[in-house]
Amino acid sequence: MLSDKSRPVIEATLALVGSRIGAITPNFYSRLFAAHPELLDGLFSRSNQRSGTQQQALAGSIAAFATHLVNNPGTLPETVLSRIAHRHASLGITEPQYQVVYEHLFAAIAEDLAEVITPEIAEAWTEVYWLMADALIKLEKGLYAAQANGKMWTPWKVAAKTPAGIGSMTFTLEPADDTPVTAALPGQYVSVKVQLPDGLRQVRQYSLSGDAGTSRSFTTKLDDGGEVSPVLHNAVEVGDILEISNPYGEITLKDGDGPV
Ligand SMILES: Cc1cc2nc3c(=O)[nH]c(=O)nc-3n(C[C@H](O)[C@H](O)[C@H](O)COP(=O)(O)OP(=O)(O)OC[C@H]3O[C@@H](n4cnc5c(N)ncnc54)[C@H](O)[C@@H]3O)c2cc1C
Ligand code: HEM
């Protein structure tokens with residue numbers, strides 16, 4: 001819950017911070033990747049960084065979270081937090097990385113708002129950041145603990161690669177080692193990590209087909225301008241090994257065959 005001291009400060013600066021997210025975001029990411037270039041190899045999407053469309057999701061969601069705290073005291077936006085936590089867990093985000101993001105995000109905020117920022121403003125927004133980060137860390141810990149294994153990535157062999165309509169391909173996988181397999185709930189997805197022709201690793205999410213359980217099958221649509229789907233469609237063949245995450249995703253389809 002937001003402290004009584006921070007609440008009026010957040011209320012007074014919400015519009016300003018919200019209006020500056022577009023400028024703060026590129027500064028934040030250039031600081032983050034200059035200090036930690038390894039985060040671009042197998043974690044953050046290079047396409048999202050290039051196109052800028054998804055770039056604002058992180059900082060923008062903190063401003064949205066602050067709005068929620070101000071408008072709905074004593075509650076948290078559970079659905080949004082859960083969606084982010086599942087996505088993070090599918091990417092293997094760890095608790096120490098929240099401190100890294102905090103440092104670079106707040107350096108970018110301080111630089112952008114240099115003319116207006118006061119210690120009180122910095123303190124209030126730091127409180128908002130850690131309220132959100134701590135909620136995500138807790139959810140992510142629970143998600144990791146619920147898995148059948150403690151591994152982030154496990155190898156799966158492509159058992160079948162079947163065309164599934166124009167520009168779509170279904171991949172059916174089988175375990176390539178004896179790591180215990182978490183049963184997936186209907187509607188969940190896995191992250192798939194592939195190496196691109198230039199050597200960089202990239203991760204994308206794919207929804208598991210049908211009543212997945214401990215089987216793993218997903219259908220990908222080819223995006224010619226993309227990085228990962230062309231590799232899956234054009235380079236990955238039956239017998240190849242794919243690295244995939246445990247299953248995540250908070251939107252699960254109900255049992256039965258009625259409309260969802
Ligand atoms: C929870 C979840 C479940 C999903 N399930 C599925 C699924 O079941 N099946 C499926 O096919 N997909 C699914 N997706 C989408 C999937 O994860 C990928 O986003 C998709 O395959 C495209 O990835 P890509 O690497 O091929 O393209 P990306 O490399 O991510 O590129 C995406 C788009 O960005 C554009 N782009 C790249 N660089 C720039 C630039 N400089 N300027 C402007 N635009 C640019 C590209 O042209 C491309 O059109 C899911 C996503 C999520 C989050
Ligand atoms: C309080 C801190 C954080 C917030 C509020 C936050 C918020 C978000 C949001 C809103 C998304 C999009 C989720 C979706 O639409 O499914 C996202 C995705 C993502 N987050 Fe976070 N995040 C935080 C911390 C972190 C940390 C510490 C890391 C790792 C260093 C991280 C890495 C990622 C990555 C890699 C994605 C996938 C999108 C991409 O590749 O560009 N996040 N986050």
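Keep in mind that what you see is a predicted model, and the values were worked out from it rather than measured.
Within the 4.5 Å cutoff, the side chain of L81 has heavy atoms near those of the L136 side chain. Put simply, the side chain of L16 reaches to within 4.5 Å of the side chain of V116, judged on heavy atoms. Between V238 and D240 the shortest side-chain heavy-atom distance does not fall below 4.5 Å. Between K193 and I244, every side-chain heavy-atom pair lies at or beyond the 4.5 Å cut-off. Using a 4.5 Å cut-off on side-chain heavy atoms (C-beta onward), N246 and S90 make no contact. By the 4.5 Å heavy-atom criterion applied to side chains, L58 and Y29 are counted as neighbours. Counting heavy atoms from C-beta outward, H86 and S82 have side chains that approach closer than 4.5 Å. Annotation: side chain of V17 is in contact with side chain of L113 (closest heavy-atom distance under 4.5 Å).
Checking Y189, W156, Y206 one by one against F218, the ring-ring contact (aromatic ring centres under 6.0 Å, His included) holds for a single residue, Y206.
E140 and Y98 form a side-chain donor-acceptor contact under 3.5 Å, judged by distance and modelled atom types alone. For the residue pair T219/T170, the side-chain donor-acceptor check at 3.5 Å is satisfied. Between D112 and N27, the side chains place no donor N or O within less than 3.5 Å of an acceptor N or O (distance only, hydrogens not considered). Using modelled atom types and a 3.5 Å distance limit, the side chains of S6 and W125 yield no donor-acceptor pair. Side-chain contact, Y248 with S191: no donor N or O sits under 3.5 Å from an acceptor N or O. Between the side chains of H233 and S168, no donor-acceptor pair is found at a separation under 3.5 Å. One side chain, Q205 or R87, offers a donor N or O that lies under 3.5 Å from an acceptor on the other.
Using modelled atom types, no side-chain atom of Q99 and backbone atom of P96 make a donor-acceptor pair closer than 3.5 Å.
Using bins of under 30°, 30° to 60° and over 60° for the plane-to-plane angle, the ring pair F33/F44 lands in the perpendicular bin.
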message: salt bridge (charged side-chain N to carboxylate O under 4.0 Å, His left out), that's the test. Do R46 and D198 meet it? Break it down for me.
response: CA-CA 12 Å; R46 176 162 65 180; D198 66 4; 2.9 Å; yes
task: List the steps, then state whether salt bridge (charged side-chain N to carboxylate O under 4.0 Å, His left out) holds for E227 with R201.
output: CA-CA 10 Å; E227 302 245 54; R201 289 167 301 173; over 6 Å; no
task: Determine, step by step, whether Q55 and T25 satisfy the side chain to side chain donor-acceptor pair (under 3.5 Å) criterion, reporting the C-alpha distance in whole Å, the side-chain angles of both residues, the deciding distance to 0.1 Å, and the verdict.
output: CA-CA 7 Å; Q55 253 199 344; T25 294; over 6 Å; no
- request: Start with the C-alpha gap between E127 and S3, add the side-chain angles, then the distance that decides, and say whether side chain to side chain donor-acceptor pair (under 3.5 Å) holds.
  value: CA-CA 8 Å; E127 189 181 323; S3 67; 2.9 Å; yes
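Heavy-atom neighbours of D4 CG from other residues, nucleotides or ligands within 6.0 Å: at or below the threshold of 12. Within 6.0 Å of the NZ atom in K161, the count of heavy atoms belonging to other residues, nucleotides or ligands exceeds 12.
The shortest heavy-atom contact between T220 and F171 is OG1-CE1, 3.6 Å. When all heavy atoms of S245 and V190 are compared, the pair lying nearest together is O-CG1, 3.5 Å.
With respect to E111 and R31, a salt bridge is recorded, a charged nitrogen being found less than 4.0 Å from a carboxylate O. Using a 4.0 Å cut-off between charged nitrogen and carboxylate oxygen, E174 and R216 do not count as a salt-bridge pair.
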